[in-house]
Each structure stands twice: as structure tokens, then as C-alpha cells.
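As C-alpha cells, the structure follows; a few thoughts come after it.
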Amino acid sequence: MKRLITLFLLTLSTYTFGQSSDDLLAQAKTQAFDQKNYLEAIKTLKQAIEKSPDYLDLHIFLGRIYTWSDQVEEARNVFKPWFEKKVDTEDFYLAYASLEYWNDEEDRALEILQQGLEFNPKSEDLLFLQARIYNSLDQYEKAEESLNTLLSQNPKHTEGRELLVRIRDLTAKNAIGVTYNFVHFDKPISDNWHIVGLSYRRATSIGSFIFRTNLAQKFGDNGIQFEVEGYPRLSKMFYLYTGVGYSNQVGIFPKYRTGVSLYANLPQSFEGEIGYRQLHFNDDVWMYTASVGKYYQNLWFNLRTYLTPGNSNLSHSYTGTVRYYTKGANDYLGFQIGTGISPDENRSNLLEPQIYKMKTYKIGLDYNFTLGKRNIFWIQGTYFNQEYQRETRGNQYDLTLGFNRTF
């Protein structure tokens with residue numbers, strides 16, 4: 001029996017010492033990922049390091065396993081000597097900075113990333129982690145700078161695109177804007193509509209707020225509407241939309257309008273919304289809305305519905321939107337197709353019950369682009385085919401021009 005044990009130990013020792021450092025690294029990955037046995041993986045890596053003390057990949061993986069098993073100081077003891085040596089390996093800086101970021105040492109993580117980016121200035125992973133950390137510290141302009149660098153190299157970086165769009169309204173404290181909307185009907189309305197909007201947006205520590213005045217000429221008459229909208233942040237995941245409006249020219253605009261939506265930034269680059277809109281003409285019109293969006297590379301997909309309960313039926317509208325981002329958060333080509341009328345359009349006059357239940361189809365294109373860093377322009381064209389009487393249809397053509405200046 002003793003001979004058998006001795007022979008087994010000798011064979012095991014020969015097999016172990018015969019393994020290369022790469023073999024041991026592969027074995028440690030199997031132990032960590034497949035078997036979830038961090039303790040054995042650590043033992044295997046230490047054995048490999050004895051064989052190859054200058055093999056950096058072994059130290060990086062050992063530091064990662066210490067990180068995943070909440071052995072923070074042990075991980076730091078692995079990483080620090082290599083940081084002082086100023087190695088140029090991208091994966092090392094990602095592992096070390098992630099350790100510090102996950103343990104609320106954001107300033108230390110940024111210091112590590114800065115050194116890593118000096119050696120790897122085009123690293124997408126390092127730039128994105130840097131942007132995430134700046135965002136968590138509410139340093140939105142620095143986050144935007146990192147994301148713009150990232151997306152200039154890879155416009156299809158899904159998570160970078162999502163984060164940039166999310167923080168775009170937080171990088172400038174103020175914005176003024178003007179829009180002009182022209183509407184032409186072939187029937188039954190003989191006059192063209194003209195709507196001019198003037199807006200001011202202010203970013204605060206709790207979210208952005210917009211003050212808007214709309215001037216309109218419809219049905220041969222003039223009207224004015226005042227609106228206030230807010231986007232208060234509840235957390236990194238949730239934020240609200242709130243809006244109120246008033247006009248004393250009923251028929252040109254609704255007398256009152258209100259709206260609230262809860263938005264969620266969901267995993268896998270999804271986003272969702274649920275809320276309501278209310279318009280008061282001579283009577284109230286209540287609508288309930290829901291939407292789901294998804295970022296994929298430099299594309300954004302969104303599907304939205306409005307549901308309006310009535311006395312005898314449920315009216316509904318649906319709109320699908322696709323955006324193709326060409327550069328930053330404000331540079332994109334958009335396409336829309338849908339049915340029904342939404343309260344977010346300047347056609348809210350047509351939402352009164354007897355017309356809203358008629359069938360409407362729409363298709364539209366829009367183009368947003370920036371000139372310089374602070375000037376944003378957009379143009380949008382939409383075609384509507386509207387049933388305004390039973391079995392009788394008319395066409396409508398919308399053109400919108402807009403400009404925003406941030407400062």
C-alpha cells in the first residue's frame with residue numbers, strides 16, 4: 001500500500017510539475033468559471049507564478065479572482081507592484097481600475113485608468129469605464145469627452161451610445177431653442193397651420209426643466225400656449241417626465257394639458273416607459289402610454305402606444321421609430337411609421353373624440369445634426385393619411401425646422 005501511495009504521489013508530482021504555466025492558467029480558469037472554486041484556482045495560479053513569476057497574465061487573473069471573492073487587499077497586493085512598474089497591458093489596467101471602482105475608490109480608479117490610457121489611448125474598454133466613473137461622480141462633461149473619443153473610434157459601441165444619449169442634457173446648464181412647424185391639408189381644412197415654439201432648458205442637480213411658449217395660427221385664428229416640462233432623476237435607473245400646459249384659446253390648443261411618465265434605464269441597453277397624458281378641450285381626453293426602446297450598436301429602436309378609453313371602445317395609436325446615429329448623441333437620421341394620433345404632435349386639436357376614433361396612418365423622416373459643439377439643428381417631415389369622415393380620407397403634410405443653442 002505504501003508503495004502504491006508513493007507511486008501515486010510521484011506520478012501526481014511529475015504531472016503537476018510537467019504542466020506549463022499556460023496549462024495551469026487554463027486549469028485555473030476552469031476551476032474559477034466552470035467549477036466556481038476560487039480557492040483551488042488561487043492555489044493553481046500561485047503554483048504557476050512560482051514557475052513563471054514574470055508572466056503578467058497569471059497575476060492579472062489572480063487579482064481578478066481575489067476581486068470576485070471580495071479579498072480586496074489581497075487583490076491590491078497583486079496589482080500594486082505591476083502598476084509601479086508601469087506595464088503597458090490594457091487588461092491589467094481594466095482589472096485594477098475595476099477593483100477600485102467596485103469598492104468606491106473612484107479617484108484611485110481614475111488615476112489607474114489615466115496611466116492605462118497613456119499606454120493604450122484607443123482602448124474602448126478603458127474609455128468606457130472612465131466614462132462610467134465620471135458619470136457616477138456627476139462629472140458629465142468629462143464623461144461626455146470620454147464617450148465622444150470612444151464613439152469616434154467605434155460608432156457601434158452600444159453601451160457607450162446609450163450612456164452618451166442619457167447624459168447629453170446634463171452636459172450643458174442652459175439651452176435656448178426655436179422651432180417652426182408648417183402643416184398643409186388637402187382637405188377638409190383649407191388653411192395651412194403655422195406653429196412657432198420658443199424654449200429655454202435649464203439643467204439642475206435633480207434633472208432638466210424646460211419652459212416653452214407656443215404661438216400658433218390655425219383655422220384662421222391665432223393662439224398662444226405656455227408649457228413647463230421636467231425630467232427629475234430618481235436614481236441611476238429611474239427618472240420621471242412631468243408636464244403641464246395652459247392656453248386660453250381652446251380649439252387652437254387644449255385649455256389644459258398634463259402628463260407624467262416613469263422611465264427606466266434597463267439592463268442590456270433597454271429602456272422602458274409607462275405613463276399618462278390628459279388634454280382638456282371642452283371635455284377631458286385621457287390617454288395612457290407605454291414604450292420600450294433598445295440600443296444596438298449605433299441604432300435605437302422604439303415602439304410606443306397610446307390607449308384612450310371611450311364610452312363604447314378603446315382608441316389606440318402605435319408608432320415605431322428607428323434612429324441611426326452618425327456621430328454623437330445629437331447626430332442621427334430617424335424614421336417613423338405608425339397609426340393613430342399622439343398628444344405629442346401639434347395635431348392635438350384632432351384628438352377630440354369624434355375625430356380621434358377615425359383611422360390615421362403616418363410615415364416620417366427626420367435628421368438631427370450639430371455644427372460646432374453647441375449648435376443643434378433638425379428637420380422633420382411627416383405624411384399623414386387621415387380619415388376625417390367615415391370612408392372619407394384626406395392627406396396632411398408636416399414640416400418642422402428646429403435649432404437649439406447650448407451654453
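Residue indices begin at 1 and follow the sequence shown.
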Side-chain polar contacts of residues 324-331 - donor-acceptor pairs under 3.5 angstrom, sequence neighbours left out - could you list them?
from: Thr326; atom 1: OG1; to: Asp331; atom 2: O; distance (Å): 3.3
from: Asp331; atom 1: OD1; to: Thr370; atom 2: OG1; distance (Å): 3.2
from: Asp331; atom 1: OD2; to: Thr370; atom 2: N; distance (Å): 3.0
from: Asp331; atom 1: OD2; to: Thr370; atom 2: OG1; distance (Å): 3.1

Taking atom [atom1] of [X] as the centre, report whether more than 12 heavy atoms of other residues, nucleotides or ligands fall under 6.0 Å from it.
{"X": "Lys86", "atom1": "NZ", "value": "no"}
{"X": "Leu401", "atom1": "CG", "value": "yes"}
{"X": "Glu111", "atom1": "CD", "value": "yes"}
{"X": "Lys29", "atom1": "NZ", "value": "no"}
{"X": "Glu145", "atom1": "CD", "value": "no"}
{"X": "Asp283", "atom1": "CG", "value": "no"}
{"X": "Gln268", "atom1": "CD", "value": "no"}
{"X": "Tyr296", "atom1": "OH", "value": "no"}

**Asked** Which of parallel (below 30°), tilted (30 to 60°) and perpendicular (above 60°) describes Tyr256 and His280?
**Response** tilted

**Message:** Please verify the inter-ring angle class for Trp82 with His59; under 30° counts as parallel, over 60° as perpendicular, anything in between as tilted.
**Reply:** tilted

Under 3.5 Å side-chain donor-acceptor pair for [X] and [Y]:
{"X": "Trp193", "Y": "Gln396", "result": "no"}
{"X": "Gln278", "Y": "Asp284", "result": "yes"}
{"X": "Thr289", "Y": "Glu273", "result": "no"}
{"X": "Asp22", "Y": "Tyr55", "result": "yes"}
{"X": "Gln153", "Y": "Glu124", "result": "no"}
{"X": "Tyr140", "Y": "Asn135", "result": "no"}
{"X": "Ser315", "Y": "Thr308", "result": "no"}
{"X": "Asn385", "Y": "Arg393", "result": "yes"}
{"X": "Glu90", "Y": "Asn120", "result": "no"}
{"X": "Thr319", "Y": "Lys362", "result": "yes"}
{"X": "Tyr96", "Y": "Arg108", "result": "yes"}

Going by heavy atoms in the side chains, are [X] and [Y] under 4.5 Å from each other?
{"X": "Leu129", "Y": "Ser98", "answer": "yes"}
{"X": "Trp68", "Y": "Tyr38", "answer": "yes"}
{"X": "Tyr276", "Y": "Ser261", "answer": "no"}
{"X": "Glu162", "Y": "Arg166", "answer": "yes"}
{"X": "Arg201", "Y": "Ile210", "answer": "yes"}
{"X": "Tyr367", "Y": "Leu365", "answer": "no"}
{"X": "Leu58", "Y": "Leu25", "answer": "yes"}
{"X": "Leu24", "Y": "Leu45", "answer": "no"}

**Prompt:** Could Arg233 and Asp138 be called an ion pair, given the rule that one side-chain N must be under 4.0 Å from one carboxylate O?
**Reply:** no

**Asked** Can you check side chain to side chain contact (heavy atoms under 4.5 Å, CB included) on Tyr101 and Glu106, steps first, answer last?
**Response** CA-CA 5 Å; Tyr101 174 49; Glu106 288 89 351; 4.2 Å; yes

Taking only distance into account, with no hydrogens and no angle test, what donor-acceptor pairs under 3.5 Å do side-chain atoms of residues 246-254 form with protein atoms, sequence neighbours excluded?
from: Ser247; atom 1: OG; to: Ile224; atom 2: O; distance (Å): 2.7
from: Ser247; atom 1: OG; to: Gln249; atom 2: N; distance (Å): 3.1
from: Gln249; atom 1: OE1; to: Ile224; atom 2: N; distance (Å): 3.2

**Request:** Mind listing the closest non-hydrogen atom pair of Ala75 and Thr67 along with its distance?
**Result:** CB-OG1, 3.7 Å

**Asked** Looking only at heavy atoms, which two atoms of Ser208 and Asp169 are closest? And how far apart?
**Response** OG-O, 3.5 Å

**Asked** Does NZ or CZ of Lys294 come closer than 6.0 Å to the centre of the six-membered ring of Phe270, within 45° of the ring's axis?
**Response** yes

**Message:** Using a 6.0 Å distance limit plus a 45 degree cone around the ring axis, check whether Arg161 lies over the aromatic ring of Tyr295.
**Reply:** no

**Request:** Determine, step by step, whether Tyr306 and His316 satisfy the ring pair (Phe, Tyr, Trp, His ring centres under 6.0 Å) criterion, reporting the C-alpha distance in whole Å, the side-chain angles of both residues, the deciding distance to 0.1 Å, and the verdict.
**Result:** CA-CA 5 Å; Tyr306 286 98; His316 44 81; over 10 Å; no

**Request:** Keeping the roles fixed (side chain from Tyr241, backbone from Glu229), state whether a donor-acceptor pair exists under 3.5 Å.
**Result:** no

